Amino acid sequence: MVIGILSFILALVGIDQLFKYLVITYLQPVGSLPLAKGIFHLTYVENFGAAGGILQGKQILLIVVTSIVIAGLLILLILKKIPGRLLPWMLGLVIAGGIGNLLDRIFRGFVIDYLDFCWIHYPVFNFADCCVVVGVFFIAVSILRTERKQEKKDHAPKGDADGV
């Protein structure tokens with residue numbers, strides 16, 4: 001299963017980098033391309049910070065922290081310390097997204113963002129960000145489900161000492 005997840009990670013990183021190459025090649029010269037005017041645009045943005053533009057100009061910090069987190073998650077994944085069948089794949093999504101944006105920070109000095117839901121005035125983001133968010137969402141859901149099951153188990157009625 002680990003080889004499959006590592007292949008999944010590589011594929012997602014490849015897709016992310018392909019999208020960013022296409023964005024640089026075709027979108028950067030025009031800046032923004034409305035797909036649904038006023039609702040969803042492809043907009044070229046160079047993000048020198050983290051999610052939503054926080055930590056602007058802190059590239060070294062972001063590279064170091066992201067590298068440590070990715071390395072730790074990969075170690076957990078390779079050592080098979082992540083339980084279940086779905087959770088390791090969701091962790092793979094998080095790792096892939098982290099690597100995709102890390103590559104941008106290292107080789108470009110900024111992250112390329114391009115998905116712009118302008119009708120909700122949300123910061124422009126990219127495919128790698130989507131991977132991280134979807135992965136974290138499903139990890140959180142999995143953890144909450146596991147905790148609920150454990151709570152139900154802990155509060156289940158138990159028979160008395162006589163077995164009655």
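The structure presented is a predicted model; accordingly, all values stated were derived computationally and were not measured.
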If I take atom [atom1] from residue [X] and atom [atom2] from residue [Y], how far apart are they, to the nearest 0.5 angstrom?
X	Y	atom1	atom2	value
K152	K149	NZ	NZ	9.5 Å
M1	K80	CE	NZ	8.0 Å
I106	I60	CD1	CD1	9.5 Å
I95	L102	CD1	CG	12.5 Å

Test item: [X] side-chain N/O and [Y] main-chain N/O as donor-acceptor pair under 3.5 Å:
X	Y	answer
E46	I112	no
Q59	F48	yes
R148	I143	no
D16	F19	no

Between [Y] and [X], is there a side-chain heavy-atom distance shorter than 4.5 Å?
X	Y	value
L77	I9	yes
K20	L103	no
C130	L115	yes
I5	W89	yes
Q56	N47	yes
F8	L93	yes

Handout entry: I70, V69, I63 screened by side chain to side chain contact (heavy atoms under 4.5 Å, CB included) with S67, the one that passes
Key =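 Going through the options one by one, the only one that passes is I63.
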Practice task
Mind checking side chain to side chain donor-acceptor pair (under 3.5 Å) for S32 and listing every partner two or more places apart, or none if nothing turns up?
Solution key: T43
Problem - side chain to side chain donor-acceptor pair (under 3.5 Å) partners for E147, two or more places apart - result: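 Listed in chain order: nothing, the list is empty.
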Exercise for the section: Under the ring pair (Phe, Tyr, Trp, His ring centres under 6.0 Å) rule, collect the residues that match up with Y114, sequence neighbours excluded. Expected result: none
Problem - Residues in ring pair (Phe, Tyr, Trp, His ring centres under 6.0 Å) contact with F40, at least two apart in sequence or another chain - result: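 Result, ring pair (Phe, Tyr, Trp, His ring centres under 6.0 Å) vs F40: F117.
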Exercise for the section: Mark yes when over 12 heavy atoms from residues, nucleotides or ligands other than L79 sit less than 6.0 Å from its CG; otherwise mark no. Expected result: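 Atom CG in L79 is crowded, with more than 12 foreign heavy atoms closer than 6.0 Å.
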Completion exercise
Heavy-atom closest pair (H41 atom, G38 atom, distance to 0.1 Å) is NE2-N, 3.0 Å
Handout entry: Of all pairs that satisfy side chain to side chain donor-acceptor pair (under 3.5 Å), the ones with a partner from residues 120-144, not counting sequence neighbours
Key =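 Sorted pair list: N101-N126, N101-D129, D113-N126.
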All N/O donor-acceptor pairs, side-chain side in residues 21-31, below 3.5 Å, sequence neighbours left out:
residue : atom : partner : partner atom : Å
T25     : OG1  : Y21     : O            : 2.8

Exercise for the section: Show your working on side-chain contact (heavy atoms from CB on, under 4.5 Å) between D116 and L42 and close with a plain yes or no. Expected result: CA-CA 6 Å; D116 185 4; L42 295 177; over 6 Å; no
